[in-house]
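Notes follow once the structure below has been shown.
Per chain, numbering begins at 1; letters A, B, ... match sequence-line order. Both backbone and side-chain heavy atoms feed into the values below; hydrogens, waters and symmetry mates do not. Please read all numbers here as calculations on a predicted model, not as lab measurements.
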Amino acid sequence: MLSNVMDGFSVIFHAQALVMITLGAFLGIVGGAIPGISSASAVALVLPFTFGMDPIISIILLAAIYTGATYGGSITATLLNTPGTPEAAVMTFDGYALTKQGKAGKALWAALIAGTIGGLLGTFLLIGASAPLAKEALNFGPPEYFALALFGLTILSLLIEGSIVKGVISCVFGLLVATVGIDPITGVQRMTFGLPALFDGIKFIPALIGLFAVSEAFDLLGNRSAPPKVQKTGIWSTMLTWGELKSLIKYILAGTGIGIFVGIKPGGGATIASIISYSVAKQMSPKRDEFGKGRLEGLAAPEAADKATVGAALIPMLTLGLPASATSAVLIGAFTLHGIQPGPNLFSEHSDLVYGLFASLIIANFAVFFLGMFGIPLFTRISAVRKSTLGVSILMLTLVGSYAYESSMTDVWVAVIFGIIGYVMKRSHFPTAPLVLGLVLAPLLETNFRQSMLLSKGSYSIFFERPISLVLLLLCAVSLVISIYWSYRQAKNQRKQHIPTKGVELH
Amino acid sequence: LKSKFLIWTSILILLAITVTGCASGSKTSENNSSNAGSKEAAKLDWPKKPITILVWSKAGSGVDVMGRQAAKFLEKKLGQPVVVENNTGGDGAAAMQAIRSKPADGYTIGVNTRSQMISLNTDLKNQFKLDDFQFISINEGDPYALVVLPNTGLDTLEDIAKNAKASGSFPIGGFGANSAHQIFTQDLAKAAGFSFEWIPYAGGSEAVTQLLGGHIKAALTNVGQVLEHVKAGKMKIVAVSTAKRMNELPDTPTFNELGFPELESSHWRGFYVKNGTPKEIIAKYDELFKELSEDEEWKKYLEANGLTNDFMPSSESQPFVQKEFEVIGKKLAGK
């Protein structure tokens, strides 16, 4: 095993490979930072350029882009409140709050360190345990995916800020919008008005761009206030202190664990992993009430989870030839184009390629770390720019990005319409994150529920007879109870604080 | 400070535009080869500009891989860039619309498959007519395979029929609702006399994953998708839909052998152009695709992906597609 990895390093330790990894990490960060270019579309956009390359070089370039894009998405989420990738949506909560406090550098450091640790641990797991874990990828059937998606939905209640009712309305609206398109089970058109543009439904990437980025741009365009003073902009001056770092470690490890567990399941996905790890971090933290107001844990856990899914998603791809994420599906296409068939024989037939890929992932994580580190002073200056200037730039980037997603004008219109919806929602204090998460989770919920019903011939017992699905459903119940308990305690605390002030007033 | 930011933003935008622009733009580096044009091309003086292949599904899909493989060959032969663009959306409507809106000059060609015969019969019935296009070739066949797990006692169609009867349920998974795969499974079940539940998945590979995990009893997918698993002994193909046994699978029977010649079919893929494209240009494509079917690299690609070399020139593919359209229309209506 170790000697194989060493061979892998020898495959990639030459100038061309190292340049490609760095280039890939750079392109990934830039692509990921542009709303609309998710890691899957960043890899798909570069794919055509790699046909002429050596297969190993092309695969490591694409893997480095995948690694870079997951960090890139968090940069814009933190600095501009516009997540570059869907999995970075939860990074806006605490990241943007920190930016508004002038602590953007610190936020980026926390994300970078957490992401690098998560990414490296995910890669080590991929190297050391992909064979035994391959089976783990298969034990999720439709009932388990349904329970996982339901868990993602119930856990939403733990992370909604402000009015719970408004949060639920926003989420249900997301679920409703997701029903547009061709029914995945019967093939019947739903709310498409016969328009082919709506056959695939409202795609969540352009909707996400609209809700977060376009609406933020509208907001910025009308903002004439002076930019906040950026406290520190150097690389090292914004570095986390040892104490901060130590306090983050357990959140990073928790996030990594969740990222690996969810990421390894085909169809699980980085977005669910980052939502769950944010909620778990919130439960773990003694400063629960400050979440959403700029806690570093709220950045570290989801970022670590996000990066850990990269390595985890490659496990079923390399061992079984099965895609666990949209990005690994594109990577499988890349393998096929080079005449390599991913499948159970990949390790024995192309071991140089597999171990070269492992080694390159390790290097790519470091490349992202150093590029990200030197980028911090540069990125953080964005927050010193006048708001209206920023608004125009974001608007341009997002419209280009939503077109780039699938070269379709429909997506641009979706982004604009959801931009207006998002703007109205923000003005009336409806949270937009539950809408996006509803939109992401709805297809998973619906398809897997109905597939389960087909499998069980309409009996609900299928969800309770299977151990994993039962455990996940119990977790749903637990998270509901916890959220009810917390809101009860919060209400009680407020009452307690309220009474003495009233008493003072009476005197 | 502000100007620096502006510079960086414009760099980012430029990068975004270059990346997207180039992906759909031209690849000029690879086509300096001198073998531009045979005699006909000299007479025809075509192509004078780059050719675009429109693919209606995402990068990395079966249709996409075929388009790119063919593009490599065409580029070499024509001495003009051949660009592959993924024009996804609307079940192929976006790509078909793009082809219909361009001049009928053979510079924009599309890849189509059996799946499009279904959407043209159903969702896109009002938007497009078969006559809007000319189907100029069939280039490959992707045979259907009924796949099970090994050592589950489901080795033959009789085993499956028995199991389905005894247990009262036999879930078979595969790509899509009302898909070509579902229609094939319905035909198969009718012929072999068993009942089943169709579990639709977003892609064939998802069905394969679910089968490996034991969540469904069988999958109806394409040979290429499971070839590696079969070689590794993790899956077993009950039968394939080819006319003769496949070279890669000498021990796997065909449905034909098992007494169901009516099931002989494949998930074919070919090219189409806008109707009214000049005969000379179609003749040129006929010649090129004939050469492609004999190309060594192409044959290697087909073999590695479990595909069959079912080449048909325009004279055969046009009536073939017409017939497929009608047959599938009847099957969808008769359900």
For each of [options], tally heavy-atom pairs with chain A at distances under 4.5 Å, and name the one with the top tally.
| options | answer |
| --- | --- |
| B/Val65, B/Asp91, B/Asn87, B/Thr209 | B/Thr209 |
| B/Ala94, B/Ala202, B/Ala232 | B/Ala232 |
| B/Thr88, B/Asp64, B/Thr122, B/Asn86 | B/Thr88 |
| B/Gly176, B/Gly233, B/Gly213 | B/Gly213 |

Should we say atom [atom1] of [X] is surrounded by more than 12 heavy atoms from elsewhere, each under 6.0 Å from it?
| X | atom1 | result |
| --- | --- | --- |
| B/Glu297 | CD | no |
| A/Phe26 | CZ | no |
| B/Lys299 | NZ | yes |
| A/Met53 | CE | yes |

I'd like to know if the side chain of [X] and the backbone of [Y] have a donor-acceptor N/O pair within less than 3.5 Å.
| X | Y | result |
| --- | --- | --- |
| B/His229 | A/Gly321 | no |
| B/Lys231 | A/Pro344 | no |
| B/Glu228 | A/Leu346 | no |
| A/Asp200 | B/Gly90 | yes |

Gap between atom [atom2] of [Y] and atom [atom1] of [X] - 0.5 Å precision:
| X | Y | atom1 | atom2 | result |
| --- | --- | --- | --- | --- |
| A/Thr186 | B/Trp198 | OG1 | CH2 | 14.5 Å |
| A/Ile185 | B/Ile199 | CD1 | CD1 | 8.0 Å |
| A/Leu138 | B/Leu212 | CG | CG | 5.5 Å |
| B/Ser61 | A/Ile332 | OG | CD1 | 13.0 Å |
| A/Gln451 | B/His215 | CD | NE2 | 11.0 Å |
| B/Asn178 | A/Ile182 | CG | CD1 | 9.5 Å |

Contacting moiety of [X], where chain B heavy atoms sit under 4.5 Å:
| X | result |
| --- | --- |
| A/Pro142 | both |
| A/Arg450 | neither |
| A/Leu47 | side chain |
| A/Phe140 | backbone |
| A/Ser408 | neither |

Which atom pair, heavy atoms only, marks the closest approach of [X] to [Y]?
| X | Y | answer |
| --- | --- | --- |
| B/Ser169 | A/Lys457 | CB-CE, 3.9 Å |
| B/Glu197 | A/Leu454 | CG-O, 4.2 Å |
| B/Ser205 | A/Leu322 | O-CD2, 3.8 Å |
| A/Pro196 | B/Ala93 | CB-CB, 3.4 Å |

Side-chain touch A/Phe199/B/Leu124, heavy atoms, less than 4.5 angstrom: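 They are in side-chain contact.
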